[in-house]
Amino acid sequence: QDITASSGASTRAFKGTLDGNGHKMGSLYLSTNGLFSSVEDGSVIKNLIVENVYVGNQTGVFAAEAKGKVTIDNVYVSFKTQDFSVENSNDVNQTYVHVNQRYKGLFCKAWEGTTINVSNSVVYMPEFLSKNHGFVLGQGTATVNVTNSTFIGGNGRVYGKYTAVVNKDENSVITDAVTAHKTYKE
C-alpha cells in the first residue's frame, strides 16, 4: 500500500533492507532526520518511489546520516518546491534568492569511510536551491558511486558542502535546474 504523511520523521536508526516493491510514499514533510535518524552499514533501500517530499534544514530524505556502505537501487525521489524569497539589491542587475534551508539530499551527511552506491535511480529537485544541497549528500566527504542514474535540477551537484568523491558511469546524467529547464529569469 502507498503511504502519504504530513509530518514527522523517525528517531530510529535503520539497518537492513527496505524493499518498497515499487510502492509510493507521497507528500512527506520531514522536518528532522528523515525517514530514519541514520542508515547504517550494509543497508539497502530499493524499489521505492518518494514523491513531493519536503525536507527540512539539515535533513535527508532517507536519513540525517549514512554510515558505512549504503546501497540505493531503483529509487525515484522528487523534492517539493521549497519556500524561498527573492530580494532585489540596489544594483538592478542583481537578484538574491534566499533559501532558509541547508544541507539536503537523500542523506544530510556522510563522512570519509562511508560509501554510498546509487544505481538505476532518479532524483529530481525542482529548482536551484543553494550550493549546500546535493542530490545524494547535503554535506560530507564520503565516496558516492553513481551507476545508470539520472539527477535533474538543483545545483547539479551530487554533494553540497565539503568534497565528496564522486564516481559516475557513462550511463548517468547529472544536470542543474537551469540547464534542465533551459530557461532562466533573473
Side-chain angles (χ1 to χ4, degrees), residues 1-80 82 99-125 129-130 132-147 149 151 154 157-167:
Q1 179 176 350
D2 294 343
I3 298 171
T4 302
S6 60
S7 66
S10 177
T11 57
R12 294 181 165 249
F14 175 77
K15 182 171 180 150
T17 299
L18 171 60
D19 187 343
N21 290 315
H23 286 286
K24 184 187 311 180
M25 299 174 77
S27 300
L28 297 176
Y29 182 90
L30 303 172
S31 57
T32 59
N33 290 331
L35 294 175
F36 308 101
S37 62
S38 64
V39 174
E40 303 291 320
D41 183 41
S43 295
V44 176
I45 298 173
K46 64 182 184 176
N47 305 320
L48 181 64
I49 300 166
V50 182
E51 289 183 329
N52 200 30
V53 61
Y54 170 86
V55 180
N57 194 27
Q58 298 189 25
T59 303
V61 173
F62 296 126
E65 185 169 7
K67 299 177 181 178
K69 181 181 176 188
V70 175
T71 301
I72 305 295
D73 183 47
N74 195 32
V75 168
Y76 172 87
V77 174
S78 68
F79 286 81
K80 179 180 168 132
Q82 303 294 309
V99 180
N100 297 322
Q101 312 282 317
R102 300 184 325 175
Y103 311 130
K104 297 179 185 216
L106 298 182
F107 301 98
C108 172
K109 59 188 172 187
W111 304 106
E112 189 172 344
T114 296
T115 300
I116 302 171
N117 297 308
V118 180
S119 60
N120 308 308
S121 296
V122 175
V123 179
Y124 173 68
M125 290 182 169
L129 298 174
S130 85
N132 293 329
H133 293 78
F135 292 112
V136 179
L137 282 177
Q139 62 179 328
T141 54
T143 298
V144 179
N145 299 312
V146 180
T147 306
S149 296
F151 300 156
R157 295 176 58 171
V158 173
Y159 63 91
K161 187 175 180 184
Y162 303 114
T163 307
V165 176
V166 178
N167 302 305

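- L18 has its side chain within reach of F36: a pair of non-hydrogen atoms, C-beta onward, lies under 4.5 Å apart.
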For the pair V118 and F135, evaluate side chain to side chain contact (heavy atoms under 4.5 Å, CB included) and give the outcome as yes or no after the intermediate values.
-> CA-CA 11 Å; V118 180; F135 292 112; over 6 Å; no
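- Among all heavy-atom pairs drawn from L30 and G60, the shortest one is CD1-O, 4.4 Å.
- Aromatic ring pairs are classed by plane angle as parallel below 30°, tilted from 30° to 60° and perpendicular above 60°; the pair F62 and F107 is tilted.
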List the steps, then state whether side chain to side chain contact (heavy atoms under 4.5 Å, CB included) holds for C108 with E65.
-> CA-CA 6 Å; C108 172; E65 185 169 7; over 6 Å; no
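- Nearest heavy atoms, Y76 versus E51: CE2-CG, 3.9 Å.
- Distance alone, capped at 3.5 Å, places no donor-acceptor pair between the T71 side chain and the N117 backbone.
- At least one donor-acceptor pair under 3.5 Å links the side chain of S37 to the backbone N or O of R12.
- With sequence neighbours left out, A142 forms a side-chain contact (heavy atoms from CB on, under 4.5 Å) with A110, T114, L137.
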List the atom pairs, donor and acceptor, that lie under 3.5 Å between side-chain atoms in residues 41-50 and the rest of the protein, sequence neighbours left out.
{"from": "D41", "atom 1": "OD1", "to": "K69", "atom 2": "N", "distance (Å)": "2.7"}
{"from": "S43", "atom 1": "OG", "to": "F14", "atom 2": "O", "distance (Å)": "3.4"}
{"from": "S43", "atom 1": "OG", "to": "G16", "atom 2": "N", "distance (Å)": "3.1"}
{"from": "S43", "atom 1": "OG", "to": "E40", "atom 2": "O", "distance (Å)": "2.8"}
{"from": "N47", "atom 1": "OD1", "to": "N74", "atom 2": "ND2", "distance (Å)": "2.8"}
{"from": "N47", "atom 1": "ND2", "to": "D19", "atom 2": "OD1", "distance (Å)": "3.1"}

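- Pairing each heavy atom of L106 with each of V77, the nearest pair is CD2-CG2, 3.8 Å.
- Remark: S119 pairs with D73 by the side-chain hydrogen bond (donor to acceptor under 3.5 Å, both in side chains) rule, at least two apart or across chains.
- Side-chain N or O atoms of S149 include one that pairs as donor or acceptor with a backbone N or O of N120 at under 3.5 Å.
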Begin with the C-alpha distance, continue with both residues' side-chain angles, and end with the deciding distance and a verdict on side chain to side chain contact (heavy atoms under 4.5 Å, CB included) for L28 and V61.
-> CA-CA 9 Å; L28 297 176; V61 173; 5.8 Å; no
